[in-house]
Amino acid sequence: MSLAATVLNDIRIRNDRYDKNESRLSEYGALDFFLQQSKSNPLLTESMKKAAIDSMGKTLKMPVIKYDGTIAVSNARSCTVADAENTSALATVTFVTYSVGFTVVPAMYSNNEIDKQTDITKKYLKCARVLGAALDSAAVTALSAAKSQVFADTLIYTEADDVIGVPWDSREDILSDIEPIMNANDFYGRVHIIGNNGVRSLLNKLMEKGEANIVDKRLEWAGKEFHFSNRVTNEAGKYATFYAVEDGNVDILFRYDRDAAMGTTSKVGHEWDIVTMPYIDIPVGLHYYEAVGDFKAIGGDATADLTCTKKEYYGFSVDVAFVTAYNSDLATRANPVAAVAVAKGDTYANPVVVVNSAENPVNTKAVA
(Lines give C-alpha, C1' and ligand atoms only; values in the text may rest on other atoms or scores of the structure.)
Protein backbone atom coordinates (compact mmCIF):
# COMPACT_ATOMS: atom_id res chain seq x y z
CA MET A 1 0.00 0.00 0.00
CA SER A 2 3.07 2.26 -0.06
CA LEU A 3 5.50 3.79 -2.54
CA ALA A 4 8.38 3.35 -0.08
CA ALA A 5 9.77 0.36 -1.97
CA THR A 6 10.53 2.52 -4.99
CA VAL A 7 12.17 5.50 -3.30
CA LEU A 8 15.11 6.81 -5.34
CA ASN A 9 17.86 5.57 -3.01
CA ASP A 10 16.76 2.02 -3.91
CA ILE A 11 17.18 2.39 -7.68
CA ARG A 12 15.14 0.17 -9.94
CA ILE A 13 14.11 0.30 -13.58
CA ARG A 14 10.49 1.35 -14.09
CA ASN A 15 8.52 -0.52 -16.79
CA ASP A 16 4.87 0.49 -17.21
CA ARG A 17 4.03 -2.87 -18.78
CA TYR A 18 5.81 -5.04 -16.22
CA ASP A 19 3.09 -4.71 -13.54
CA LYS A 20 0.12 -4.44 -15.91
CA ASN A 21 -1.54 -7.58 -14.53
CA GLU A 22 -1.63 -6.24 -10.98
CA SER A 23 -4.64 -4.06 -11.75
CA ARG A 24 -6.18 -5.72 -14.78
CA LEU A 25 -9.83 -5.14 -15.58
CA SER A 26 -12.46 -7.82 -16.04
CA GLU A 27 -15.34 -8.26 -18.47
CA TYR A 28 -18.50 -6.58 -17.27
CA GLY A 29 -20.97 -8.00 -19.79
CA ALA A 30 -24.12 -7.66 -17.70
CA LEU A 31 -23.35 -4.02 -16.92
CA ASP A 32 -22.43 -3.39 -20.56
CA PHE A 33 -25.75 -4.91 -21.62
CA PHE A 34 -27.77 -2.49 -19.48
CA LEU A 35 -25.66 0.47 -20.65
CA GLN A 36 -25.96 -0.52 -24.31
CA GLN A 37 -29.71 -1.01 -24.07
CA SER A 38 -30.07 2.37 -22.37
CA LYS A 39 -28.55 3.96 -25.47
CA SER A 40 -29.68 1.75 -28.36
CA ASN A 41 -33.19 0.66 -27.36
CA PRO A 42 -34.07 2.31 -24.03
CA LEU A 43 -36.90 1.03 -21.90
CA LEU A 44 -37.27 4.43 -20.20
CA THR A 45 -37.82 7.91 -21.63
CA GLU A 46 -35.40 10.81 -21.30
CA SER A 47 -37.87 12.55 -19.00
CA MET A 48 -37.77 9.55 -16.67
CA LYS A 49 -33.98 9.64 -16.64
CA LYS A 50 -34.02 13.33 -15.79
CA ALA A 51 -36.58 12.68 -13.07
CA ALA A 52 -34.20 10.08 -11.62
CA ILE A 53 -31.42 12.68 -11.34
CA ASP A 54 -33.83 15.12 -9.70
CA SER A 55 -35.13 12.49 -7.26
CA MET A 56 -32.20 12.60 -4.79
CA GLY A 57 -33.68 12.68 -1.31
CA LYS A 58 -37.04 11.41 -2.56
CA THR A 59 -38.59 8.12 -3.63
CA LEU A 60 -38.89 7.70 -7.39
CA LYS A 61 -42.04 5.99 -8.63
CA MET A 62 -43.29 5.35 -12.16
CA PRO A 63 -46.97 4.98 -13.11
CA VAL A 64 -47.91 1.70 -14.77
CA ILE A 65 -51.06 -0.07 -15.93
CA LYS A 66 -51.38 -3.59 -14.59
CA TYR A 67 -52.45 -6.54 -16.69
CA ASP A 68 -56.17 -7.22 -16.57
CA GLY A 69 -57.34 -10.39 -18.27
CA THR A 70 -61.00 -10.13 -17.34
CA ILE A 71 -62.36 -9.37 -20.82
CA ALA A 72 -64.43 -12.26 -22.10
CA VAL A 73 -64.97 -13.10 -25.75
CA SER A 74 -68.70 -13.49 -26.45
CA ASN A 75 -70.35 -15.37 -29.25
CA ALA A 76 -73.41 -13.12 -29.22
CA ARG A 77 -74.00 -9.47 -30.16
CA SER A 78 -75.48 -7.08 -27.64
CA CYS A 79 -76.61 -3.46 -27.49
CA THR A 80 -74.65 -3.13 -24.25
CA VAL A 81 -70.86 -2.94 -24.32
CA ALA A 82 -69.25 -4.12 -21.10
CA ASP A 83 -66.74 -2.01 -19.19
CA ALA A 84 -63.04 -2.88 -19.37
CA GLU A 85 -61.38 -0.50 -16.93
CA ASN A 86 -57.63 -0.56 -16.45
CA THR A 87 -55.92 -0.86 -13.06
CA SER A 88 -53.05 1.55 -12.48
CA ALA A 89 -50.22 1.36 -9.96
CA LEU A 90 -47.02 3.12 -8.98
CA ALA A 91 -43.85 1.07 -9.39
CA THR A 92 -41.03 2.10 -7.05
CA VAL A 93 -37.53 2.40 -8.50
CA THR A 94 -34.88 1.10 -6.09
CA PHE A 95 -31.50 2.85 -6.12
CA VAL A 96 -28.30 1.59 -4.52
CA THR A 97 -25.40 3.91 -3.68
CA TYR A 98 -21.87 3.01 -4.81
CA SER A 99 -18.87 4.97 -3.56
CA VAL A 100 -15.11 4.70 -4.12
CA GLY A 101 -12.18 7.08 -3.88
CA PHE A 102 -8.50 7.70 -3.29
CA THR A 103 -6.09 10.32 -2.02
CA VAL A 104 -2.83 11.79 -3.28
CA VAL A 105 -0.02 13.50 -1.38
CA PRO A 106 1.85 15.40 -4.15
CA ALA A 107 5.08 15.92 -2.17
CA MET A 108 5.68 12.18 -1.80
CA TYR A 109 6.58 11.83 -5.48
CA SER A 110 9.50 14.28 -5.40
CA ASN A 111 11.98 11.56 -4.44
CA ASN A 112 10.21 8.54 -5.91
CA GLU A 113 10.51 6.71 -9.21
CA ILE A 114 6.73 6.55 -9.35
CA ASP A 115 5.47 9.91 -10.59
CA LYS A 116 2.18 11.47 -9.50
CA GLN A 117 0.33 10.86 -12.75
CA THR A 118 1.29 7.18 -12.86
CA ASP A 119 0.08 6.70 -9.30
CA ILE A 120 -3.20 8.51 -10.00
CA THR A 121 -3.75 6.43 -13.14
CA LYS A 122 -3.30 3.21 -11.20
CA LYS A 123 -5.62 4.42 -8.45
CA TYR A 124 -8.27 5.31 -11.00
CA LEU A 125 -7.85 1.83 -12.43
CA LYS A 126 -8.33 0.25 -8.99
CA CYS A 127 -11.52 2.26 -8.46
CA ALA A 128 -12.83 1.37 -11.90
CA ARG A 129 -12.09 -2.31 -11.37
CA VAL A 130 -13.96 -2.65 -8.08
CA LEU A 131 -16.81 -0.35 -9.16
CA GLY A 132 -17.21 -2.20 -12.45
CA ALA A 133 -17.33 -5.56 -10.69
CA ALA A 134 -19.87 -4.31 -8.12
CA LEU A 135 -22.15 -2.86 -10.80
CA ASP A 136 -21.80 -5.93 -13.00
CA SER A 137 -22.79 -8.14 -10.07
CA ALA A 138 -25.81 -5.92 -9.42
CA ALA A 139 -26.81 -6.18 -13.09
CA VAL A 140 -26.66 -9.98 -12.91
CA THR A 141 -28.75 -9.89 -9.74
CA ALA A 142 -31.36 -7.77 -11.54
CA LEU A 143 -31.54 -10.27 -14.39
CA SER A 144 -31.87 -13.15 -11.96
CA ALA A 145 -34.69 -11.40 -10.12
CA ALA A 146 -36.51 -10.82 -13.42
CA LYS A 147 -36.12 -14.33 -14.84
CA SER A 148 -39.34 -15.83 -16.12
CA GLN A 149 -41.15 -18.29 -13.87
CA VAL A 150 -43.60 -19.22 -16.62
CA PHE A 151 -42.77 -21.14 -19.81
CA ALA A 152 -45.46 -22.12 -22.28
CA ASP A 153 -43.12 -24.56 -24.03
CA THR A 154 -39.66 -25.73 -22.98
CA LEU A 155 -39.26 -28.04 -26.01
CA ILE A 156 -37.03 -31.01 -25.04
CA TYR A 157 -35.70 -29.29 -21.91
CA THR A 158 -36.85 -29.34 -18.32
CA GLU A 159 -37.40 -26.34 -16.04
CA ALA A 160 -36.57 -26.35 -12.35
CA ASP A 161 -36.43 -23.39 -9.96
CA ASP A 162 -37.14 -21.05 -12.89
CA VAL A 163 -34.05 -22.21 -14.80
CA ILE A 164 -34.13 -24.13 -18.07
CA GLY A 165 -31.88 -27.16 -17.64
CA VAL A 166 -29.92 -28.33 -20.66
CA PRO A 167 -28.30 -31.79 -20.67
CA TRP A 168 -24.73 -32.01 -21.89
CA ASP A 169 -25.67 -33.80 -25.12
CA SER A 170 -28.03 -30.92 -26.08
CA ARG A 171 -25.55 -28.11 -25.38
CA GLU A 172 -25.11 -27.32 -29.08
CA ASP A 173 -28.86 -26.95 -29.62
CA ILE A 174 -29.98 -24.60 -26.86
CA LEU A 175 -28.79 -21.38 -28.53
CA SER A 176 -31.10 -22.01 -31.48
CA ASP A 177 -33.89 -23.34 -29.26
CA ILE A 178 -33.97 -20.37 -26.88
CA GLU A 179 -35.80 -18.21 -29.43
CA PRO A 180 -38.67 -20.68 -29.92
CA ILE A 181 -38.92 -21.00 -26.13
CA MET A 182 -39.25 -17.21 -25.82
CA ASN A 183 -41.59 -17.06 -28.83
CA ALA A 184 -43.90 -19.48 -27.02
CA ASN A 185 -44.13 -16.83 -24.28
CA ASP A 186 -45.04 -14.21 -26.94
CA PHE A 187 -41.63 -12.51 -27.00
CA TYR A 188 -40.41 -12.20 -30.60
CA GLY A 189 -37.69 -9.55 -30.49
CA ARG A 190 -33.96 -9.92 -30.94
CA VAL A 191 -32.33 -12.02 -28.21
CA HIS A 192 -29.32 -10.98 -26.16
CA ILE A 193 -27.26 -13.63 -24.39
CA ILE A 194 -25.54 -12.57 -21.16
CA GLY A 195 -23.35 -15.49 -20.18
CA ASN A 196 -20.12 -16.75 -18.71
CA ASN A 197 -17.06 -18.42 -20.17
CA GLY A 198 -18.90 -21.70 -20.56
CA VAL A 199 -21.02 -19.93 -23.17
CA ARG A 200 -17.86 -18.59 -24.81
CA SER A 201 -16.47 -22.13 -24.89
CA LEU A 202 -19.69 -23.38 -26.44
CA LEU A 203 -19.51 -20.67 -29.12
CA ASN A 204 -15.91 -21.57 -29.90
CA LYS A 205 -16.93 -25.19 -30.47
CA LEU A 206 -19.88 -24.17 -32.65
CA MET A 207 -17.67 -21.94 -34.76
CA GLU A 208 -15.57 -24.98 -35.62
CA LYS A 209 -18.63 -26.39 -37.39
CA GLY A 210 -19.00 -23.91 -40.20
CA GLU A 211 -19.31 -23.84 -43.93
CA ALA A 212 -16.53 -26.31 -44.64
CA ASN A 213 -17.78 -28.90 -42.16
CA ILE A 214 -20.36 -31.63 -42.43
CA VAL A 215 -22.52 -29.89 -39.81
CA ASP A 216 -23.05 -26.14 -40.21
CA LYS A 217 -23.91 -24.66 -36.81
CA ARG A 218 -23.75 -20.97 -37.70
CA LEU A 219 -27.49 -20.56 -37.32
CA GLU A 220 -27.19 -21.53 -33.66
CA TRP A 221 -25.97 -18.02 -32.82
CA ALA A 222 -27.23 -16.08 -35.84
CA GLY A 223 -29.10 -12.87 -34.98
CA LYS A 224 -28.11 -12.90 -31.30
CA GLU A 225 -25.82 -10.54 -29.43
CA PHE A 226 -23.48 -11.89 -26.77
CA HIS A 227 -22.27 -10.22 -23.58
CA PHE A 228 -19.80 -12.01 -21.31
CA SER A 229 -19.43 -11.61 -17.57
CA ASN A 230 -17.41 -13.41 -14.91
CA ARG A 231 -20.17 -12.53 -12.46
CA VAL A 232 -22.55 -15.00 -14.15
CA THR A 233 -21.48 -18.05 -12.19
CA ASN A 234 -22.16 -21.75 -12.58
CA GLU A 235 -23.87 -23.83 -9.95
CA ALA A 236 -22.19 -27.12 -9.06
CA GLY A 237 -22.18 -29.54 -11.98
CA LYS A 238 -22.86 -26.88 -14.60
CA TYR A 239 -20.77 -26.10 -17.68
CA ALA A 240 -22.38 -22.86 -18.84
CA THR A 241 -24.97 -20.39 -17.55
CA PHE A 242 -26.66 -17.52 -19.34
CA TYR A 243 -29.63 -15.20 -19.41
CA ALA A 244 -31.52 -14.74 -22.66
CA VAL A 245 -33.21 -11.32 -22.79
CA GLU A 246 -35.44 -9.81 -25.44
CA ASP A 247 -34.12 -6.51 -26.81
CA GLY A 248 -35.60 -3.35 -25.29
CA ASN A 249 -36.59 -4.71 -21.88
CA VAL A 250 -33.93 -3.29 -19.57
CA ASP A 251 -32.50 0.13 -18.74
CA ILE A 252 -30.29 1.80 -16.17
CA LEU A 253 -30.83 4.95 -14.13
CA PHE A 254 -28.20 7.15 -12.44
CA ARG A 255 -28.52 9.87 -9.88
CA TYR A 256 -25.95 11.87 -7.95
CA ASP A 257 -25.60 13.79 -4.72
CA ARG A 258 -27.19 17.19 -5.16
CA ASP A 259 -23.97 19.21 -5.07
CA ALA A 260 -22.46 17.08 -7.84
CA ALA A 261 -25.60 17.59 -9.94
CA MET A 262 -25.37 21.37 -9.32
CA GLY A 263 -21.60 21.56 -9.88
CA THR A 264 -21.05 23.26 -6.51
CA THR A 265 -17.78 24.98 -5.63
CA SER A 266 -17.25 26.08 -2.03
CA LYS A 267 -15.07 28.92 -0.75
CA VAL A 268 -13.13 26.46 1.41
CA GLY A 269 -11.85 24.49 -1.58
CA HIS A 270 -14.41 21.74 -2.09
CA GLU A 271 -15.59 21.02 -5.64
CA TRP A 272 -18.36 18.78 -6.95
CA ASP A 273 -19.05 17.68 -10.51
CA ILE A 274 -20.24 14.77 -12.64
CA VAL A 275 -17.42 12.99 -14.46
CA THR A 276 -16.98 9.77 -16.39
CA MET A 277 -15.12 7.05 -14.51
CA PRO A 278 -12.24 5.98 -16.77
CA TYR A 279 -12.12 2.45 -18.16
CA ILE A 280 -15.80 1.60 -17.47
CA ASP A 281 -17.41 4.80 -18.84
CA ILE A 282 -19.87 5.23 -15.98
CA PRO A 283 -20.99 8.78 -15.08
CA VAL A 284 -20.25 9.36 -11.40
CA GLY A 285 -20.38 12.25 -8.99
CA LEU A 286 -16.97 13.69 -8.05
CA HIS A 287 -16.14 15.35 -4.74
CA TYR A 288 -12.66 16.87 -4.74
CA TYR A 289 -10.95 18.83 -1.98
CA GLU A 290 -7.53 19.56 -0.54
CA ALA A 291 -6.26 19.62 3.03
CA VAL A 292 -2.97 20.12 4.82
CA GLY A 293 -1.74 18.08 7.73
CA ASP A 294 0.70 15.55 9.11
CA PHE A 295 0.82 12.72 6.59
CA LYS A 296 4.21 11.25 7.40
CA ALA A 297 2.76 7.77 8.06
CA ILE A 298 1.32 7.29 4.58
CA GLY A 299 4.52 5.92 3.03
CA GLY A 300 6.74 4.80 5.90
CA ASP A 301 10.35 6.01 5.72
CA ALA A 302 9.75 7.53 2.28
CA THR A 303 7.37 10.12 3.76
CA ALA A 304 8.68 10.44 7.31
CA ASP A 305 9.49 14.14 6.80
CA LEU A 306 5.97 15.10 5.53
CA THR A 307 4.72 16.42 8.86
CA CYS A 308 2.95 19.35 7.19
CA THR A 309 2.01 18.90 3.55
CA LYS A 310 -0.87 18.99 1.08
CA LYS A 311 -3.21 16.08 0.45
CA GLU A 312 -5.72 15.76 -2.40
CA TYR A 313 -8.99 13.84 -1.99
CA TYR A 314 -10.91 12.28 -4.88
CA GLY A 315 -14.28 10.80 -3.99
CA PHE A 316 -16.66 9.21 -6.48
CA SER A 317 -20.24 8.16 -5.86
CA VAL A 318 -23.35 7.33 -7.83
CA ASP A 319 -26.82 5.92 -7.17
CA VAL A 320 -27.73 3.22 -9.69
CA ALA A 321 -31.00 1.46 -10.44
CA PHE A 322 -31.07 -1.50 -12.82
CA VAL A 323 -34.56 -1.47 -14.32
CA THR A 324 -36.31 -4.36 -16.05
CA ALA A 325 -39.70 -4.14 -17.76
CA TYR A 326 -42.65 -4.09 -15.36
CA ASN A 327 -44.41 -7.36 -14.64
CA SER A 328 -47.50 -7.20 -12.41
CA ASP A 329 -47.24 -10.86 -11.37
CA LEU A 330 -44.05 -12.83 -12.07
CA ALA A 331 -45.60 -16.01 -10.73
CA THR A 332 -48.28 -16.13 -13.41
CA ARG A 333 -47.08 -13.90 -16.26
CA ALA A 334 -44.11 -14.76 -18.48
CA ASN A 335 -41.16 -12.38 -18.52
CA PRO A 336 -38.73 -11.62 -21.38
CA VAL A 337 -35.77 -12.98 -19.38
CA ALA A 338 -34.94 -16.69 -19.48
CA ALA A 339 -32.29 -18.27 -17.25
CA VAL A 340 -30.48 -21.26 -18.74
CA ALA A 341 -27.92 -23.68 -17.29
CA VAL A 342 -26.04 -26.34 -19.27
CA ALA A 343 -24.96 -29.46 -17.41
CA LYS A 344 -21.30 -30.44 -17.32
CA GLY A 345 -20.15 -33.46 -19.34
CA ASP A 346 -17.13 -35.74 -19.37
CA THR A 347 -15.82 -35.11 -22.88
CA TYR A 348 -16.36 -32.79 -25.83
CA ALA A 349 -16.69 -35.77 -28.18
CA ASN A 350 -20.12 -36.58 -29.56
CA PRO A 351 -20.34 -40.39 -29.51
CA VAL A 352 -21.88 -42.25 -32.43
CA VAL A 353 -24.17 -45.06 -31.31
CA VAL A 354 -24.95 -47.91 -33.72
CA VAL A 355 -28.12 -49.81 -32.79
CA ASN A 356 -28.35 -53.39 -34.05
CA SER A 357 -31.92 -54.42 -33.24
CA ALA A 358 -34.29 -56.91 -34.75
CA GLU A 359 -36.33 -54.05 -36.22
CA ASN A 360 -33.25 -52.25 -37.57
CA PRO A 361 -30.51 -54.80 -38.13
CA VAL A 362 -27.01 -53.85 -39.23
CA ASN A 363 -26.10 -55.94 -42.27
CA THR A 364 -22.80 -57.74 -41.87
CA LYS A 365 -20.86 -60.13 -44.04
CA ALA A 366 -18.91 -63.08 -42.80
CA VAL A 367 -15.19 -62.96 -43.43
CA ALA A 368 -13.78 -66.13 -44.98
> Can you tell me how far the OH atom of Y256 sits from the CD1 atom of I53, to the nearest 0.5 Å?
Replying inline: 5.5 Å
>> When you compare the side chains of D281 and T276, does any donor N or O come within less than 3.5 Å of an acceptor on the partner?
In response: no
> Rounded to the nearest 0.5 Å, how far apart are CG of N41 and CD of E246?
Replying inline: 9.0 Å
>> Is a donor from one side chain sitting under 3.5 angstrom from an acceptor on the other, for D177 and Y157?
In response: yes
> Going through the distances and angles, do K238 and T233 end up as a side chain to side chain donor-acceptor pair (under 3.5 Å)?
Replying inline: CA-CA 9 Å; K238 302 302 180 184; T233 56; over 6 Å; no
>> Let's go through I174 and V340 carefully: what are the C-alpha distance in whole Å and the side-chain angles of both, what is the deciding distance for side chain to side chain contact (heavy atoms under 4.5 Å, CB included) to 0.1 Å, and is it a yes or a no?
In response: CA-CA 9 Å; I174 184 58; V340 179; 3.9 Å; yes
>> How about CD1 on I71, more than 12 heavy atoms from neighbouring residues, nucleotides or ligands closer than 6.0 Å, or not?
In response: no
>> I want to check a possible cation-pi pair here: R231 against Y28, using under 6.0 Å from ring centre and within 45° of the ring axis as the test.
In response: no
>> With a 4.5 Å cut-off on side-chain heavy atoms, are L175 and L206 touching?
In response: yes
> Are S148 and N335 linked by a side-chain donor-acceptor pair shorter than 3.5 Å?
Replying inline: no
>> Let me check something: do V100 and W272 share a hydrophobic cluster, defined by ILVMFWY side-chain heavy atoms less than 4.5 Å apart, either directly or through other members?
In response: no
> When Ile, Leu, Val, Met, Phe, Trp and Tyr are grouped by side-chain heavy atoms lying under 4.5 Å apart, directly or through other members, which residues fall in the same group as L253?
Replying inline: L43, L44, M48, L60, M62, V93, F95, V323
> Can L143 be reached from V96 by stepping across I, L, V, M, F, W or Y side chains whose heavy atoms are under 4.5 Å apart?
Replying inline: yes
> Do Y314 and E312 have side-chain atoms, one donor and one acceptor, less than 3.5 Å apart?
Replying inline: yes
> Under a 4.5 Å cut-off applied to non-hydrogen side-chain atoms, are V105 and T309 in contact?
Replying inline: yes
>> If hydrophobic clusters are built by linking Ile, Leu, Val, Met, Phe, Trp and Tyr wherever their side-chain heavy atoms come under 4.5 Å apart, do V130 and L125 end up in the same one?
In response: yes
> Roughly how far, to the nearest 0.5 Å, is the OH atom of Y326 from the OG1 atom of T324?
Replying inline: 11.5 Å
> With distance as the sole test, does N183 use its side chain to make a donor-acceptor pair with the main-chain N or O of F187 at under 3.5 Å?
Replying inline: yes
> Is there a donor-acceptor contact under 3.5 Å from the side chain of D119 to the main chain of V104?
Replying inline: no
>> Whether the E27 and N230 side chains hold a donor-acceptor pair (N or O, under 3.5 Å, no angle test) is what I'd like checked.
In response: no
> Is it true that R190 and E225 have a side-chain N and a carboxylate O under 4.0 angstrom from each other?
Replying inline: yes
> On the ring face of Y348, is K205 found with NZ or CZ under 6.0 Å from the centre and within 45° of the axis?
Replying inline: yes
> Which heavy atom of S176 sits nearest a heavy atom of K224, and at what distance?
Replying inline: CA-NZ, 4.3 Å
> Should V275 and P283 count as side-chain neighbours, where that means a heavy-atom distance under 4.5 Å?
Replying inline: no
> Is the charged tip of K116 near the ring of Y109: under 6.0 Å from the six-membered ring centre and within 45° of its axis?
Replying inline: no
> Distance from I181 atom CD1 to D153 atom CG, nearest 0.5 Å?
Replying inline: 7.5 Å
> Any side-chain donor-acceptor pair under 3.5 Å between S144 and K147?
Replying inline: yes
>> Side chains of T118 and D115 only: does a donor on one sit below 3.5 Å from an acceptor on the other?
In response: yes
> Taking a hydrophobic cluster as the set of Ile, Leu, Val, Met, Phe, Trp and Tyr residues connected by side-chain heavy atoms closer than 4.5 Å, whether directly or through intermediates, do I282 and Y288 fall within one such cluster?
Replying inline: yes
> Are the side chains of E290 and H270 in touch, meaning some heavy atoms are under 4.5 Å apart?
Replying inline: no
> Rounded to the nearest 0.5 Å, how far apart are CZ of F33 and CD1 of I194?
Replying inline: 4.0 Å
>> I need the full list of ring-ring contact (aromatic ring centres under 6.0 Å, His included) pairs touching residues 113-141, with sequence neighbours left out, sorted by first then second residue.
In response: F102-Y124, Y124-F316
>> Taking transitive links into account, so neighbours of neighbours count too, which hydrophobic residues share a cluster with Y188 at under 4.5 Å side-chain distance?
In response: none
> Any side-chain heavy atom of L131 sitting closer than 4.5 Å to one from Y98?
Replying inline: yes
> When you look at Q149 and R333, which way does the side chain to side chain contact (heavy atoms under 4.5 Å, CB included) test go after all the steps?
Replying inline: CA-CA 8 Å; Q149 301 176 24; R333 291 184 52 72; over 6 Å; no
> Is the shortest heavy-atom distance from the side chain of I193 to the side chain of Y243 under 4.5 Å?
Replying inline: no
>> Quick one about K50 and T45 (side-chain donor to acceptor, distance below 3.5 Å, no hydrogens or angles considered), yes or no?
In response: no
> Would you find a donor on one side and an acceptor on the other, under 3.5 Å apart, between the side chain of S170 and the backbone of V166?
Replying inline: no
> Is there side-chain contact between K311 and P106, with heavy atoms separated by less than 4.5 Å?
Replying inline: no
> Can you tell me if D294 and T307 form a side-chain donor-acceptor pair at under 3.5 Å?
Replying inline: no
> Where is the tightest heavy-atom contact between L330 and A146, given as atom of each residue plus distance?
Replying inline: CD2-O, 4.2 Å
> Looking only at heavy atoms, which two atoms of R171 and T347 are closest? And how far apart?
Replying inline: NH2-O, 4.4 Å
> Does the side chain of V191 reach to within under 4.5 Å of the side chain of V245, using non-hydrogen atoms?
Replying inline: no
> Which heavy atom of A30 sits nearest a heavy atom of D136, and at what distance?
Replying inline: N-OD1, 3.0 Å
>> Does the plane of the ring in Y289 sit parallel, tilted or perpendicular to the ring in Y313? Use 30° and 60° as the thresholds.
In response: parallel
>> Checking side-chain polar atoms at under 3.5 Å, does Y67 have a donor or acceptor matched by the opposite partner on T87?
In response: no
> Would you call K66 and D329 a salt bridge, taking side-chain N to carboxylate O under 4.0 Å as the test?
Replying inline: no
>> I need the H287 NE2 to D273 CG distance, nearest 0.5 Å.
In response: 12.0 Å
>> Taking the basic N atoms (NZ, or NE/NH1/NH2) and the acidic carboxylate oxygens, is any pair closer than 4.0 Å for R255 and D319?
In response: yes
